[in-house]
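First up is the structure itself, then whatever we jot down about it.
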Amino acid sequence: MMEAKYEIGRLERARGEALIEQKKLISDRSRLSSPVRVAAVASEKLGLELPSRADVYVVKYDQSSNIVRAKGAYKRRHAQTIDYAGVNREL
Amino acid sequence: MAQGRLVIIKTLVLLGFLSVTLKLFDLMILEHKQLAVRAQKQHRAAEPIDARRGAIYDRHYRELAVNRRVESLYGVPREVTDARAVAASLSPFVGSEKTDMVVKRLTADRSKGFVWLARKLDDNSAESIRRLKLGQQIGLAPESFRTYPKETLAAHLLGSVNIDNAGVEGIELKYDEYLRGKGGSKVHARDARGRALSDGGEYEQPGNSLVLTIDEDLQYIVERQLADAVEKWNPRAATAIVMDPYTGEILAMGVNPTFSPEKSDKSENRRNFAISDVYEPGSVFKVVVASAALDLGVYTQYDRFDCSRGSIEVGGRVIRDVHRNGVLTLAEVIKKSSNVGSIKMAMGVGKDRYFEYVKKFGFGQTTGIDIPGEARGLFSTSASYASVSIGYGIAVTPLQLLAAYSAIANGGMLVKPYLVQEIVGPDGETVKSYQPTQVRRVIAENTSRTMAEILSGVTQEGGTAKKAAVDGNSVAGKTGTARKLDMTTKRYSESKYMSSFVGFVPAGDPKLAIIVVVDEPRGAIYGGEVAAPVFKGISEHALVYLKVPREDTKNVLLVSN
C-alpha cells in the first residue's frame, strides 16, 4: 500500500513536470508559427510576399479542352512570369 | 543492608515507571491536541495547486492565449536576519527601485512565514536568484503566466489578465467565469524524508477554453493593412472589422495603435475603437435613407432629384455638396454621395418613418457583441432628420455600421455580431456553443438586392471609391468623410476628419462585410482616398486566402486529361 502511494506521488510529480514542458512547447510552437513572424521571415529571408489577386490562378478541369491548349494559352499570356510559383511545371 | 538496597532499586524502578506513565499521560491526554496538530504539520504538506486557465483559440484552434509556468519570489520574514542585505542581493532581479519595498515586506511582520517579493519572474532571473543561495530566507514558487504567443495580434479583442490571472479586459474579462479554473491546495502525507505519499486524487479543475470566430490569418491581414495606412496617413487611430454578413461571425477586428496584452500599461492604446468609440459617420450613413425610401416604395432607384443648385437650406442652415451635380437618380445620389439628394430623399420619406429605419438598422442600441465596453452610440428622435440623413447629428460605432451594411448584404436581416463560437471543457467536450442570431428583418430582400446594386456603382467609374475596387470581384460599399466636432469651439473642425469606407464583397454573393475607419488622417481626408485602399487591400488578400473565386474569366486555366 505504502509502495503504491510512493509510486503515485512520483508519477504525479513526473506528470506535473511533463505538463509544464507541454505548456512551454505549446507556447513556443504558437509563437514560432505566428503569422507576424512567418511573414517577416518569408519576406526578409526568402524574399516572399503575400500573393496579390493577379498572382493567383484558378485551374479548372475541362473535358472539352486539352492540356496542350492550356499550356500554350498560359505561356502566351504570361511569357514574362513563366516560372512563377512553378505553375507551368505542373502543367 | 542488601534489603535496603533492594528497596532503593524498587523505589527507583517504580519512580521510573511512574515518570514514564506521567509523561505518557501528559503526551496522550494533556497535550494530545497540540501534539496531534504538530504531527499533522510534520507529516502532511499542503501543496498549492495553480489551476490552469483555459486557452483561447482562433476558429482553426490556433492558440491566441495560453499559459506558461514561471516562478515567483517569496520571502520568509521569520528566517531573515538582515533584510537590507537580502534586498540588495535581489535588486538586480526585482529592480533597484523595489529594494525599499522588499525591505519593508521582510520587516513588517517578523513572525510571518510568507510574503510575496516579486511575481512571475523571467526564467533567467529565477535561475540567478536560485544561485544566490539565500537559504530559507527566500523561496521560488511556481505560478502560471498568461501568455499571448501572437504578441499584439488581436490584442483589443483578447484583452488581458491581472497578476492573479483574472480577466480584466476584452474576452478574458467577458468569459472569465468559464476560463478560470478551480485551484486551492492539495494536502498529502509525506514521510520523514519529505517524500509525498499520494492518494492519487485529482484536486484541480482546469478552466474551459474558448474557440473564437476570429481567423488568425485574416486578423494578420487586417492588422498589416491598418499598419500600412497608419504609416502613410499618420492618423490618431484606425480600425477595421471583417464580418461574415450572414452569420455575424467576426472574422477579424483590428485597432491601431495596439498594445501588448502581457504588459500592464494603462495607455489609451488599449481602447477598442471598433466598439467603444462613437463618431458622426457622415456619408456612409446615406444608405439608411436610401434603403428606407426603396423599402417603403417612396422612390425607385431611377427616381430623380434636382441637385443642380449644389446646396439646400434646412432649418436655417445651408448644406452643400462637395461638387455641384445636376439632376441625379436615387442610385446616382448614393454613387456621387450627394448631400442635397440625400436630404431631399429624407424629406420624401418623412421624419418618423425614416427614424423607424434608423432604429431598425440598430443605431442607438448596442449590437450585443460578446465583449465588454460596447457603446450604444447617440441617437435621438429630436435630432434633425436632414442632418441624420447625411450622417451628422447621430453618433455610431464602427461595429454598428458594419452590422447595418451586413443587413443590406445578406438580404435584409440584422444579425448579432459575435466572437466566441464554442466553449470547450478541459477534456475537449463542448460546454456551450453559440449560433448565429438573427435580430430582426430590416428591409425586404428585393430592397437589399437593389441597394447592393446601387452600392456597387460607388466603386465603379464615376463613383467616390474607385480605389476600393477589387481585381476580379465586384465591391458594394460607400465612402464617408465626416468633419469632427471640435469640443473646445463646439463647431465642426476644418482640419479634423473621420475617413471611412464600409462595404461587402463580392457584391452579388457577399462573403465578407468590411469596415475601415481612419480617425484624423493627415495629408488626405477623403474616405475614397484614405480608407478605400485599405478595404481593397484587406479584401484582395482575404479573398485569395479564403479561395473565393473571381467573377471574371481572367487568370483561369483550363486543363483536361
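Numbers restart at 1 for each chain; the letters A, B, ... are given by sequence-line order, proteins then strands.
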Check: Can you say whether B:Y545 sits under 4.5 Å from chain A via the side chain, the backbone, both, or neither, judging by heavy atoms?
Finding: neither
Next item on the list: Could you have a look at B:D471, B:N473, B:N67 and say which one has the most heavy-atom pairs with chain A under 4.5 angstrom?
Entry: B:D471
Check: Is it true that A:E17 and A:R10 make a salt bridge, defined as a side-chain N closer than 4.0 Å to a carboxylate O?
Finding: no
Checklist line | Side chain / backbone / both / neither for B:Q219 at chain A, heavy atoms under 4.5 Å | finding: neither
Margin query: With a 4.5 angstrom heavy-atom cut-off, is it the side chain or the backbone of A:L11 that approaches chain B, or both, or neither?
Written below: neither
Notebook entry, point to check: Do the charged groups of B:R130 and B:E127 touch, with an N to O distance under 4.0 Å?
Noted result: yes
Note to self: Quick check on B:V66 against chain A: is it the side chain, the backbone, both or neither that has a heavy atom closer than 4.5 Å?
What the structure shows: side chain
Checklist line | Pair B:E71 + B:K120: basic N to acidic O under 4.0 Å | finding: no
Checklist line | Which atoms of A:R37 approach chain B - backbone, side chain, both or neither, heavy atom under 4.5 Å | finding: neither
Notebook entry, point to check: How far does CE of B:M253 sit from CD of B:E223, to the nearest 0.5 angstrom?
Noted result: 11.5 Å
Margin query: Quick test of your reading of the model: are A:R15 and A:E12 salt-bridged, counting only N-O distances below 4.0 Å?
Written below: no
Notebook entry, point to check: Going by atom types alone, do B:S72 and B:E143 pair a side-chain donor with an acceptor below 3.5 Å?
Noted result: yes
Checklist line | Which portion of B:L153 sits near chain A, non-hydrogen atoms under 4.5 angstrom | finding: side chain
